[in-house]
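Shown next, in structure tokens, is the structure this report addresses.
Every value quoted in this text rests on a predicted model; they were computed, and no experiment measured them. Protein chains get the first letters and strands the later ones, always in sequence-line order, with residue 1 at the start of each.
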Number of protein chains: 2
Amino acid sequence: MSAKKTPDIVIGRLPLYLRVLNQLWEEGRTTTNSQELGERLGLSAAQIRKDLSHFGGFGKYGAGYEVAYLREQLRRILHLNRVWPVVLVGAGNLGRALADYPGFRENGFEIVAVFDNDPQKIGLALAGLTVQDVAWLEAVIIEKGIQIAILAVPARVAQAVADRLIAAGIRAILNYTPARLKTPPDVRVQDIDPVARLQHMAYYLE
Amino acid sequence: MSAKKTPDIVIGRLPLYLRVLNQLWEEGRTTTNSQELGERLGLSAAQIRKDLSHFGGFGKYGAGYEVAYLREQLRRILHLNRVWPVVLVGAGNLGRALADYPGFRENGFEIVAVFDNDPQKIGLALAGLTVQDVAWLEAVIIEKGIQIAILAVPARVAQAVADRLIAAGIRAILNYTPARLKTPPDVRVQDIDPVARLQHMAYYLE
DNA sequence: TAGATTGTTAATCGATTAACAATC
DNA sequence: TAGATTGTTAATCGATTAACAATC
């Protein structure tokens, strides 16, 4: 009875499709097809078509896909037809690099507040923002209705900070700490874990 | 006839198992079992046992696993019984944050050289190293026999730098750029793509 | 021995690929 | 129309889960 949910693994590929479409767009291309997309992504043409079919028919029989149209549809599906405000917690080396990174804003995410608990860092200017005392975390999230957080704090405080974020209304966390966060089912977490990635690759080396 | 290769998806979970074992070790625990590991990792006990079974029997019937022993075995399997030298290419905001991050060294990977092509950055001291001209990239990789690189350069030069790395002998690349690198089959690439991760999560937000 | 937990086999589930009718 | 490529169905492949004999 209930419609089958689109698999999460499919959702995870859509941002990759979108990036390739952005590239094609910048190259001035107006149409493409599942074979070309597959080649650029290292996936099969069949998978591209299957993935897209979860959301409807975006192509033209015999002619492929219009770059601008498919790009727009993917942006709509992923809820990227707006800029999402994001809070960044942690203004250490990594947090500062993230605050300065223009790629977030260019792709739909704007860091609108940065927090730290270190008095040495509070008040610092960072990418046009001022580092705020983490004491105001909840107040800012609630006032601005923010749903997305980037977590770049020491691992030992990661869970405690995540709990506060979630209590204040955060529903998606980009987790740069190696901690495995315990979160309710309606909160999404994506781990950025470079050490685990290196260890994974080391298996194949001699 | 040929033994079935352990699935890559299993290899990718071993670093997570290792991290939990390190935690248990630090907590002074001497034994654990598949159920506890599963709980800490958010996986089923059956999966833990199945994954480990690809490499042999590490547990004791009725008693679970010895933390120290299993940890050691995972380190051996992942080739972490040594420190892997790593080159870092790109000394921008992100590259500098990565150079300063102690987690690599603590978990088996030591950045031994940092490169950039910006004369303003060449010569800078960075985490005990001096930023070198990227012209010397091949010479250093070959001389030191380095197999792992971290790529933190602008996206537009990512493929060209990757080609040079591979030609010099690099066999694993931790790719911090959004470029989809084209590499031969014997070169491993792991992408760190925070924007794609945020876009993935945005799908579930309203 | 009885109790507990592993390691492994079989069953289930889900994702990818192949094939092709639909159709522009 | 003929040619091309989609969207979808069916077949294959692979991963996870469940169940239980093995065994300490």
Side-chain angles (χ1 to χ4, degrees), chain A residues 1-17 20-21 24 29-74 77 185 200 203, chain B residues 1-17 20-21 24 29-74 77 185 200 203:
Chain A
M1 217 238 76
S2 67
K4 281 183 281 296
K5 256 205 349 279
T6 303
D8 184 65
I9 198 165
V10 173
I11 308 300
R13 280 191 292 264
L14 299 187
L16 308 183
Y17 297 178
V20 168
L21 286 161
L24 290 165
R29 297 281 306 282
T30 58
T31 64
T32 182
N33 55 57
S34 60
Q35 189 184 327
E36 180 177 54
L37 291 172
E39 276 164 15
R40 294 219 184 191
L41 287 156
L43 304 173
S44 73
Q47 182 161 69
I48 307 276
R49 295 201 303 278
K50 187 80 164 59
D51 282 356
L52 295 178
S53 77
H54 285 97
F55 307 97
F58 302 124
K60 292 187 181 162
Y61 282 79
Y65 302 93
E66 279 193 28
V67 170
Y69 178 72
L70 182 53
R71 174 175 175 276
E72 205 44 40
Q73 293 305 307
L74 288 177
I77 292 165
H200 181 170
Y203 173 83
Chain B
M1 216 240 77
S2 68
K4 283 184 280 299
K5 257 206 348 279
T6 302
D8 184 65
I9 197 165
V10 173
I11 307 300
R13 280 191 292 264
L14 299 186
L16 309 182
Y17 296 177
V20 168
L21 286 161
L24 289 165
R29 297 282 305 283
T30 57
T31 63
T32 183
N33 55 57
S34 60
Q35 190 185 326
E36 180 177 54
L37 292 172
E39 276 164 15
R40 294 220 184 191
L41 287 156
L43 304 173
S44 73
Q47 182 160 70
I48 308 276
R49 296 201 302 279
K50 187 77 161 64
D51 282 357
L52 295 178
S53 77
H54 285 98
F55 306 97
F58 303 124
K60 293 189 180 159
Y61 281 81
Y65 302 93
E66 280 192 28
V67 171
Y69 178 72
L70 183 53
R71 174 175 176 275
E72 205 45 40
Q73 293 305 308
L74 287 177
I77 291 164
H200 181 169
Y203 173 83

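On the nucleic acid side, DNA chain D contacts chain A at distances under 4.0 Å to non-hydrogen atoms, with the end points of that region at dA4(D) to dT9(D).
Atom CD1 of Ile11(A) is separated from atom OH of Tyr203(B) by 4.0 Å, given to the nearest 0.5 angstrom. Put simply, CG on Asn33(B) and OH on Tyr65(B) are 8.5 Å apart, with the number rounded to the nearest 0.5 Å.
Applying the side chain to side chain donor-acceptor pair (under 3.5 Å) rule to Asp51(B) yields the partners Arg13(B), Tyr17(B); only residues at least two apart in sequence or on another chain are considered.
Backbone-only contact: Ala63(A) has heavy atoms under 4.0 Å from sugar-phosphate atoms and none from a base.
The only option from Leu21(B), Val20(B), Thr30(B) that meets the side chain to side chain contact (heavy atoms under 4.5 Å, CB included) definition with Val67(B) turns out to be Leu21(B).
Between Gly62(A) and Gly59(B), the residue anchored closer to the 5' end of DNA chain C is Gly59(B), taking for each the nucleotide with the nearest heavy atom. Nucleotides of DNA chain C nearest to Tyr61(A) and Ser44(A) differ in position, and the one nearer the 5' end is that of Ser44(A).
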For residues 38-48 of chain A, tabulate all N or O donor-acceptor pairs below 3.5 Å that involve a side-chain atom, not counting sequence neighbours.
{"residue": "Glu39(A)", "atom": "OE2", "partner": "Gln35(A)", "partner atom": "NE2", "Å": "3.2"}
{"residue": "Arg40(A)", "atom": "NH1", "partner": "Glu27(A)", "partner atom": "OE2", "Å": "3.0"}
{"residue": "Arg40(A)", "atom": "NH2", "partner": "Glu27(A)", "partner atom": "OE1", "Å": "3.0"}
{"residue": "Ser44(A)", "atom": "OG", "partner": "Gln47(A)", "partner atom": "N", "Å": "3.0"}

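In this structure the side chain of Glu36(A) reaches within 4.5 angstrom of the side chain of Leu24(A), judged on heavy atoms.
Using Watson-Crick or G-U wobble geometry with both donor-acceptor distances under 3.5 Å, dT17(D) finds its partner in dA10(C). Here dG3(D) sits opposite dC24(C) as a Watson-Crick or G-U wobble pair (both hydrogen-bonding atom distances under 3.5 Å).
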